[in-house]
Amino acid sequence: QPDITMAEAILVEMQYPAAGVQSIRYTGQAREIVQFAPLTQDLPANPACGLRHQGTYLITGGVSGLGLHIAHWLAQSVEATTIILGRRSGGDKLEAQLQQLAGKGRIIYKQADVTQAQLPQQLAQWEQAYGAIHGVFHTAGISADGLLATKSQDDLQTVMAPKVYGAEQLLRYFAQRPLDFMAFFSSTTSVFGNRGQSDYAWANATMDALAQYYQQHQLAADTLITSLNWGPWESGSMLPAPQMLAFMEQQFGIVPIITEAGLQAIATVLQHGLSQCLVMQGDATRQEALLRHHYPQEAVAQELVLAEA
C-alpha cells in the first residue's frame, strides 16, 4: 500500500479489525501485535537477573497472600534479608512467625502503603538500615468484582491504586538505583479478561505495559522489569470460590498453582530474564486452546506502511 499517516492506519485497523488481535503497536515502520509462545527449556540463562546469596529483597502486598511464601523461599534458598510491606500493623505474634520462617535469613515486616507519597522516603530509610535492595516483588493488589456500570470512581481507584500507582512509585524510586529485577505480579485477567473484573484487568494490563515500556526503553538501566500473568495460586489471598475453580478446570483446564511450582516459575523467569510470562497450571492442551482463541497465531492483518512524519 502507499504510505499512510498514523491516523489513517488507526482508521484502517478500526474498519478492518484482524481476528484475535487484542492490541497493536506501531514502532517506526513496523506493525506489532501481541503473541504468546511456549517457554522452551533451552533458553539462555541470565545470571545477572537471578537471586543473590544473602541479598536484600522487597515484597509488597503484606503477609496474608503470597508474601510469606516468597519470603520463606528467599530465606531458605539464598539466606536473604526480606522486607515485607503491608497496610496492617504488625505485632509480637507476626514477629515470632517471621523469625521462625526466616531460618538463616531475615524477614522484616513494615507497615506501609505503596500508594502513599511517603513511600520513597521510607524505602531510603530501609535501605540505609538493611542494605541496598537487590530485587522487588510487587504482589500488592485488590479485586472488587462487579459490573463496571455499578462502580463509582472511588471503587475504580481502590482497585487501580495498589497495582498501578504502586508500580509507578517503585519504578520511579529504583530507576536510578542498581537493582537486579522488579517483578510485577499481574494476572491472567489482563490476558483473557473476565466478566465483572474490567477494572482489575485494566490495572494488571497497565502493569504489563509499564514493564514492557521500561524494559524496551531501558529506563531502569540494567534492571529486569518483568510482569508475570498468574493463574490462581492455591496459597493466594484472591483464590476464587470453589464453584468458580470447578468451572475454570472444566472449561479451560486451569487449576490453582501449587506453591512450589509457582516459586519455581519465578526462579525460571528471573534466570532467563523474561520481560513477560503467562503462568498457569493444569491441562496444557485446553489452556493452549484458550490462548489460541484469544490470540490466534494466524491473526496478522495486511502490512501497512506509515508515512514519515
Side-chain angles (χ1 to χ4, degrees), residues 45-114 119 122-141 166 170 173-174 177-185 223-224 226 228 230-239 256-274 277 279 281:
N46 185 351
C49 298
L51 299 174
R52 298 193 187 202
H53 180 65
Q54 295 184 340
T56 301
Y57 297 95
L58 178 74
I59 301 174
T60 70
V63 294
S64 60
L66 302 177
L68 280 183
H69 295 286
I70 297 173
H72 178 58
W73 171 61
L74 292 171
Q76 294 295 313
S77 58
V78 294
E79 300 180 9
T81 294
T82 304
I83 306 166
I84 304 178
L85 307 186
R87 292 184 298 172
R88 76 176 195 184
S89 59
D92 294 340
K93 183 177 180 180
L94 176 59
E95 183 67 26
Q97 182 183 10
L98 297 182
Q99 288 184 1
Q100 184 177 8
L101 290 173
K104 294 182 179 180
R106 283 198 301 175
I107 304 177
I108 302 126
Y109 180 81
K110 295 291 184 181
Q111 185 177 9
D113 188 334
V114 294
L119 181 68
Q122 293 173 317
L123 289 171
Q125 293 171 3
W126 298 327
E127 285 201 289
Q128 186 173 9
Y130 305 112
I133 293 171
H134 300 117
V136 177
F137 299 90
H138 182 39
T139 77
L170 292 168
Y173 178 82
F174 287 105
R177 288 171 169 80
L179 189 72
D180 294 338
F181 64 85
M182 185 179 297
F184 295 154
F185 276 43
T223 302
L224 169 67
T226 183
L228 294 89
W230 295 107
W233 281 61
E234 65 172 5
S235 52
S237 60
M238 297 185 189
L239 190 67
I257 297 170
I258 298 171
T259 302
E260 291 76 12
L263 296 173
Q264 181 57 51
I266 295 172
T268 299
V269 169
L270 296 181
Q271 287 168 2
H272 295 299
L274 304 175
C277 196
V279 187
Q281 186 161 341

Glu127 vs Thr56, side chain to side chain contact (heavy atoms under 4.5 Å, CB included): CA-CA, chis, key distance, verdict: CA-CA 9 Å; Glu127 285 201 289; Thr56 301; over 6 Å; no

Qualifying salt bridge (charged side-chain N to carboxylate O under 4.0 Å, His left out) pairs with a residue from residues 57-81, counting only residues at least two apart or across chains: none

Short side-chain to backbone donor-acceptor contact, Gln76 and Gly103, under 3.5 Å: no

Test log, rule side chain to side chain contact (heavy atoms under 4.5 Å, CB included), inputs Phe137 and Leu66: CA-CA 10 Å; Phe137 299 90; Leu66 302 177; over 6 Å; no

Spacing of OG1 belonging to Thr268 relative to CG belonging to Leu228, to within rounding of 0.5 Å: 10.5 Å

Heavy-atom side-chain contact between Tyr130 and Lys110 under 4.5 Å: yes

Nearest-0.5 Å distance, SG of residue Cys277 to CG of residue Leu270: 10.5 Å

Minimum heavy-atom distance between Val269 and Leu224, given as atom pair plus value: O-CD2, 4.3 Å

Taking every non-hydrogen atom, the tightest pair across Gly135 and Leu179: N-CD1, 3.6 Å

Shortest non-hydrogen contact between Val279 and Ile257, atoms and distance: O-CD1, 3.7 Å

Exam field: side chain Gln111 to backbone Gly90, donor-acceptor pair closer than 3.5 Å: no

Aromatic plane relationship, His138 with Phe184 - under 30° parallel, 30 to 60° tilted, over 60° perpendicular: perpendicular

Set of side chain to side chain contact (heavy atoms under 4.5 Å, CB included) partners for Glu95, sequence neighbours left out: Gln99

Contact check, side chains of Leu119 and Tyr173, non-hydrogen atoms, under 4.5 Å: no

Donor-acceptor contact below 3.5 Å, side chain Thr139 vs main chain Gly67: no

Heavy-atom pair of closest approach, residues Ser77 and Leu51: OG-CD1, 4.4 Å

Residue from Ile83, Ile133, Ile108 passing side-chain contact (heavy atoms from CB on, under 4.5 Å) with Trp126: Ile83

Approximate separation, where rounding is to 0.5 Å, of Ile59 CD1 and Ile84 CD1: 5.0 Å

Separation between CD of Gln128 and CD of Gln125, rounded to the nearest 0.5 Å: 8.0 Å

For Thr259 against Glu234, the heavy-atom pair lying closest together: N-OE2, 3.1 Å

Residue pair Ala80 / Tyr57: nearest heavy atoms and the distance that separates them: CB-CD1, 3.7 Å

Arg106 CZ to Gln54 CD distance, which is reported to the nearest 0.5 Å: 10.5 Å

Gap separating the CG atom of Leu68 from the CG atom of Leu94, nearest 0.5 angstrom: 7.0 Å

Side chain to side chain, His69 and Trp233, heavy atoms closer than 4.5 Å: no

